[in-house]
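The block underneath contains the structure these notes are about, expressed in structure tokens.
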Amino acid sequence: MDPATLSSRPATGHITLRYWAAARAAAGVETDLVEVSGPVTLADLVAESLRRHPDSDRLSQVLDCCSVLIGDRPAATEDRKTVTVEPGQHVEFLPPFAGG
């Protein structure tokens with residue numbers, strides 16, 4: 001789906017994108033609220049995030065390496081084009097980090 005189409009559809013709900021650590025620094029915000037009219041793919045949401053933050057030269061790279069949670073379900077090993085996100089869900093972008 002074209003990111004422009006995502007934003008221009010009549011809204012029937014929203015999906016919250018939450019950025020952690022380096023993803024937050026790259027996006028410049030803690031969260032984005034994306035209005036949707038039905039289920040969308042994780043790939044659509046990543047494209048929408050990049051569209052909303054065009055001045056970030058690092059966001060694409062950071063999101064590419066993030067672990068992703070949809071609600072409490074990990075989605076990092078799945079193809080982002082096939083992962084469906086429903087209105088009302090939260091998507092968490094968790095960059096790799098060191099520690100123990």
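Computation of the quantities below employed the complete heavy-atom set of this structure, encompassing side-chain atoms and omitting hydrogens, waters and symmetry-equivalent molecules.
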> Should Thr16 and His90 be marked as a side chain to side chain contact (heavy atoms under 4.5 Å, CB included) after you check the CA-CA gap, both sets of side-chain angles, and the distance that decides it?
Replying inline: CA-CA 5 Å; Thr16 302; His90 291 249; 3.6 Å; yes
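Note that CZ of Arg58 is 10.5 Å distant from CG of Leu63, once rounded to the nearest 0.5 Å. Separating the NZ atom in Lys81 from the CG atom in Leu42 is a distance of 12.0 Å, to the nearest 0.5 Å. Of the inter-residue distances, the one linking Thr31 atom OG1 with Phe93 atom CZ reads 12.0 Å to the nearest 0.5 angstrom.
Taking the six-membered ring for Trp and thresholds of 30 and 60 degrees, His53 and Tyr19 have ring planes more than 60 degrees apart, a perpendicular arrangement.
Residues Arg52 and Val34 form a side-chain contact, since some pair of their non-hydrogen atoms from C-beta on lies under 4.5 Å apart. Val68 places a side-chain heavy atom less than 4.5 Å from the side chain of Arg80. Side-chain contact between Pro96 and Cys65: present, with at least one pair of heavy atoms (C-beta onward) separated by less than 4.5 Å. Contact of the Leu94 side chain with the Cys66 side chain is not registered, since no non-hydrogen atoms from C-beta on lie closer than 4.5 Å.
Counting heavy-atom neighbours within 6.0 Å of Asp72 CG, excluding the residue itself, gives a total of 12 or less. Under a cut-off of 6.0 angstrom, the local environment of CD in Gln61 is sparse, with at most 12 non-hydrogen atoms contributed by other residues, nucleotides or ligands.
The minimum heavy-atom distance linking Ser56 with Ala26 is given by the pair OG-O, 2.8 Å. Nearest heavy atoms, Val62 versus Pro95: CG1-CG, 4.2 Å. The two residues Ile15 and Glu86 make their nearest non-hydrogen contact at CG1-O, 3.5 Å. Nearest approach of Val36 to Pro87, heavy atoms of both residues: CG2-CG, 3.7 Å. For Leu17 against Leu45, the heavy-atom pair with the smallest separation is CD1-O, 4.0 Å. Heavy atoms only, all atoms of each residue included: Val83 and Ala75 are closest at CG1-CB, 4.2 Å.
Under the rule for a side-chain hydrogen bond (donor to acceptor under 3.5 Å, both in side chains), Gln89 has no partner lying at least two apart in sequence or in another chain.
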